[in-house]
Peer 1: 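Attaching a single structure in structure tokens format; questions to follow.
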Number of protein chains: 2
Amino acid sequence: MAEATIRDVARRAQVSIASVSRALNGLGNVRQETRERVMAAAAELGYVPHAGARSLSLARAHAVGVVLPDLHGEFFSEFVRGMDREASRRGYVLLLSNIHDESEQAANALRAMRGRVDGLIVMAPHLSAGMLQSALPPTLPSLFINGPEEIDDRPTVRLDNVAAMEAMVAHLVAGGRKRIVHIAGPEGNVDARERVEGYRAAMARHAPGIEPVVLAGDFSEEAGEAAAHAIRANAIACDAVFAANDMMAIGCLQALRNGGADVPGEIAVAGFDDVPLARYLGLTTVRVRIAEMGARAIERLIDILEGGPADQRAERHDAELVVRGTTAARD
Amino acid sequence: MAEATIRDVARRAQVSIASVSRALNGLGNVRQETRERVMAAAAELGYVPHAGARSLSLARAHAVGVVLPDLHGEFFSEFVRGMDREASRRGYVLLLSNIHDESEQAANALRAMRGRVDGLIVMAPHLSAGMLQSALPPTLPSLFINGPEEIDDRPTVRLDNVAAMEAMVAHLVAGGRKRIVHIAGPEGNVDARERVEGYRAAMARHAPGIEPVVLAGDFSEEAGEAAAHAIRANAIACDAVFAANDMMAIGCLQALRNGGADVPGEIAVAGFDDVPLARYLGLTTVRVRIAEMGARAIERLIDILEGGPADQRAERHDAELVVRGTTAARD
DNA sequence: TTGTAAGCGTTATCAC
DNA sequence: GTGATAACGCTTACAA
């Protein structure tokens with residue numbers, strides 16, 4: 001009743017298991033007739049090679065581990081889809097693991113990968129470099145997506161946050177707005193940090209003399225609302241709000257409008273991510289081609305696994321400015 | 001440079017590999033002092049057991065394969081999150097595989113699972129029973145989510161589409177609307193089919209004498225728009241549209257309103273899924289607790305794997321009616 | 001309590 | 001060309 005093994009095929013084809021292996025793997029040194037007998041026997045038994053045994057013998061699992069934080073919505077599905085597409089194209093399988101925090105659980109999840117995968121894709125904008133360094137099997141090839149900048153001896157794929165911020169600020173300034181407020185993402189998040197920096201740099205460049213204003217946030221819609229209230233209550237003089245993600249931008253947008261503000265007449269609002277909702281609300285934002293980043297990460301990792309040239313480049317992927325109604329130029 | 005193996009630990013602790021295995025796995029018959037020596041050696045070497053070898057020896061991979069169609073948005077991420085949570089709680093790992101169609105690729109993806117996983121979760125509302133039966137390793141325990149009804153000898157977790165349709169139709173009728181049109185999902189999709197049936201049954205029950213009207217659709221926003229145009233152009237007499245999913249409902253809603261119709265005054269609109277957008281548009285819909293279904297599927301599958309009682313029940317999960325503005329009762 | 005050795009299902013290195 | 005057989009890293013009788 002158990003699945004047929006290579007032995008069963010050998011017995012049925014009246015050859016040794018060595019010949020079965022050779023025939024099935026298409027090695028040259030097998031007589032045509034032998035090969036056919038093996039193929040027939042395998043087909044009759046419905047034989048499928050045991051991937052576990054295979055990988056133990058070959059010391060290659062043809063699997064890559066994917067370690068992710070709690071992602072939501074399109075972002076997660078697109079990312080996984082991009083990786084899955086490329087992985088299966090190259091004959092690899094994906095082992096998925098969500099990591100919620102820096103707990104012992106996280107370290108366990110990483111350990112559980114040992115002996116199952118040939119390499120790791122790690123997306124962990126919220127994990128510290130120290131934790132990663134200590135919990136990652138040192139000999140396991142791994143590629144970081146938007147990982148901590150301190151880890152610079154490993155290959156990475158990173159979103160070019162700075163360029164994206166620059167583009168958006170330039171767009172706002174071109175529309176006649178210079179008093180731009182930034183709502184930041186959570187502390188400790190790499191993307192959030194880079195966006196603040198990018199914002200400051202872009203302001204220095206495009207709106208010299210204007211003091212940058214950064215309001216604290218945590219990527220939640222409520223944080224956006226709170227920011228809107230702060231702006232109104234403290235009478236922060238501004239003609240644009242650029243949030244570190246769409247949900248905050250949306251929360252802010254709604255709160256501003258509910259408070260009677262005219263968007264975009266009086267104040268512009270922009271976000272980051274291009275969630276589906278952004279399109280419906282006409283929110284100007286930045287689109288991340290996350291499926292493409294995922295596919296590229298897998299591609300590079302597998303290239304490394306299959307002995308390509310040493311690759312520890314920090315590859316940056318451009319985001320795309322998506323201009324909609326909430327930042328329409330005034331007049 | 002390679003990762004430490006059990007032999008290295010044994011050598012360093014001056015014991016046999018058998019003792020290392022026993023100590024590490026917490027078996028009773030190990031002297032306290034030996035156990036400590038082993039633990040120390042393992043820690044010093046940063047030893048992590050090789051999951052592949054372990055599973056070959058144990059004939060258990062502590063992994064489950066998850067086979068999914070192209071899912072989008074929250075649905076996918078919530079589903080995977082629910083499964084991941086439960087799986088990691090029970091010490092299992094998830095192997096993910098997207099299946100796009102009935103091609104050879106799909107069969108390969110299924111085969112690639114052999115020898116890597118102990119069981120399979122299959123969500124395939126678009127795959128035929130025949131294809132599944134033939135490509136699935138017959139001895140691999142598997143649980144279907146919203147699978148074809150013909151496969152009734154395997155455990156399944158299914159959304160109770162019929163009950164959901166019934167609840168929504170009852171809600172619409174209670175609001176004074178009986179001429180309810182249904183926009184269907186793609187042919188060949190199990191959920192779509194069940195929703196049509198549920199719709200018909202509910203109409204027969206709550207709006208006897210009224211002829212059910214089913215418009216063809218494919219789950220896309222455009223299909224919803226097309227349905228709206230068909231309703232206007234052909235002057236289909238109706239006071240409610242109930243689409244098989246939110247995207248079609250949204251497309252229909254927008255097209256109706258753009259065409260000058262008063263929703264909900266003149267005509268109500270309802271969807272299915274409760275995508276994030278639905279909340280923003282005030283769309284009445286049906287919420288699927290997909291994370292819960294995923295977790296439950298994993299739970300049952302692992303119970304089976306770990307020798308629980310034979311379980312081939314078809315478990316149905318209730319969806320939740322979410323009433324919003326687009327179906328407000330008239331007057 | 002501990003060690004030796006067989007076995008899990010493959011691939012690869014040898015002889016023949 | 002083909003068949004024994006030793007790995008791969010682990011668990012687990014069975015002996016000691």
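We name chains A, B, ... by the order of the sequence lines, and we start the count at 1 in each one.
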Peer 1: Within this structure, what is the CD1-to-C1' distance between B:Ile6 and D:dT12, rounded to whole angstrom?
Peer 2: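 The distance from CD1 of B:Ile6 to C1' of D:dT12 comes to 11 Å, rounded to the nearest Å.
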Peer 1: Among C:dG3, D:dG9, D:dT2, which nucleotide has an atom closest to any side-chain atom of A:Ser19?
Peer 2: D:dT2
Peer 1: From D:dG3, D:dG1, C:dT10, pick the nucleotide closest to the side chain of A:Asn29?
Peer 2: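 That would be D:dG1.
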Peer 1: Please report the C-alpha distance between A:Arg90 and A:Glu306 in whole Å, then the side-chain angles of each, then the deciding distance to 0.1 Å, and finally whether the salt bridge (charged side-chain N to carboxylate O under 4.0 Å, His left out) criterion is met.
Peer 2: CA-CA 11 Å; A:Arg90 310 264 312 240; A:Glu306 302 192 336; 3.5 Å; yes
Peer 1: Classify the nucleic acid contact of B:Ala18 as base, sugar-phosphate or nothing, counting any heavy atom under 4.0 Å across all strands shown.
Peer 2: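 Contact class for B:Ala18: base.
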Peer 1: Which one, C:dT1, C:dG9, D:dC10, comes nearest to the side chain of A:Ser57?
Peer 2: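 Output: C:dG9.
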Peer 1: Can you check the B:Arg114 CZ to C:dC8 P distance for me, whole Å?
Peer 2: 13 Å
Peer 1: Among D:dT2, D:dT11, C:dT11, which nucleotide sits nearest the side chain of A:Val30?
Peer 2: D:dT2
Peer 1: Want to settle it: does B:Arg7 or A:Gln32 sit nearer the 5' end of DNA chain D, counting the closest nucleotide to each?
Peer 2: A:Gln32
Peer 1: Figure out the CG/C1' separation between A:Leu58 and C:dT13, and round it to whole Å.
Peer 2: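 Computing the A:Leu58:CG to C:dT13:C1' distance gives 14 Å.
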Peer 1: To the nearest 0.5 Å, what is the distance between OG1 on A:Thr156 and CZ on A:Arg316?
Peer 2: 7.5 Å
Peer 1: Roughly how many Å is it from CD in A:Glu33 to P in D:dG1, rounded to a whole number?
Peer 2: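 Computing the A:Glu33:CD to D:dG1:P distance gives 13 Å.
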Peer 1: Are A:Glu74 and A:Arg81 within salt-bridge range, i.e. N to O under 4.0 Å?
Peer 2: no
Peer 1: Would you kindly give the CZ-to-C1' distance between A:Arg60 and C:dT11, to the nearest whole Å?
Peer 2: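 It works out to 14 Å between those atoms.
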Peer 1: Check every atom of C:dT1, C:dG9, D:dC10 against the side chain of B:Arg54 and return the nucleotide holding the closest atom.
Peer 2: D:dC10
Peer 1: Other residues, nucleotides and ligands only: do more than 12 of their heavy atoms fall within 6.0 Å of CD on B:Glu187?
Peer 2: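 No, CD of B:Glu187 has 12 or fewer neighbouring heavy atoms, counting only those of other groups under 6.0 Å.
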Peer 1: Just the rounded figure in Å: distance from P of D:dT12 to CG of B:Leu24.
Peer 2: 13 Å
Peer 1: In whole angstroms, how far is the P atom of D:dT2 from the CG atom of A:Leu27?
Peer 2: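 A:Leu27 atom CG is separated from D:dT2 atom P by 12 Å.
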Peer 1: Counting side-chain heavy atoms from CB outward, which of D:dT11, C:dT10, C:dT2 is closest to B:Arg31?
Peer 2: C:dT2
Peer 1: Take the protein atom CG of A:Leu56 and the nucleotide atom P of C:dC8, then report the distance between them rounded to whole Å.
Peer 2: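 Checked: the CG to P distance equals 14 Å.
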Peer 1: Does A:Gln105 have more than 12 heavy atoms from other residues, nucleotides or ligands lying within 6.0 Å of its CD?
Peer 2: no
Peer 1: Contact class for A:Ser55 vs. all strands (heavy atom < 4.0 Å): base, sugar-phosphate, or nothing?
Peer 2: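 Answer is nothing: A:Ser55 stays at 4.0 Å or more from every strand.
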Peer 1: Please tell me which of the listed nucleotides, C:dG9, D:dC10, D:dG1, lies nearest to the side chain of A:Thr34?
Peer 2: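 Ranking C:dG9, D:dC10, D:dG1 by closest atom to the A:Thr34 side chain puts D:dG1 first.
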Peer 1: Less than 3.5 Å between a donor and an acceptor, one on the side chain of B:Arg22 and one on the base of C:dG3, is that the case here?
Peer 2: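 Yes.
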Peer 1: So, is A:Ser16 near the phosphate of D:dG3, with a side-chain N or O under 4.0 Å from OP1 or OP2?
Peer 2: yes
Peer 1: Taking A:Arg296 first and then A:Glu315, would you say they form a salt bridge - that is, a charged N and a carboxylate O separated by under 4.0 Å?
Peer 2: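 Yes.
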Peer 1: For B:Ser21, answer base if it contacts any base atom (sugar-phosphate contacts may also be present), sugar-phosphate if it contacts only those atoms, and nothing otherwise; contact means non-hydrogen atoms under 4.0 Å.
Peer 2: base
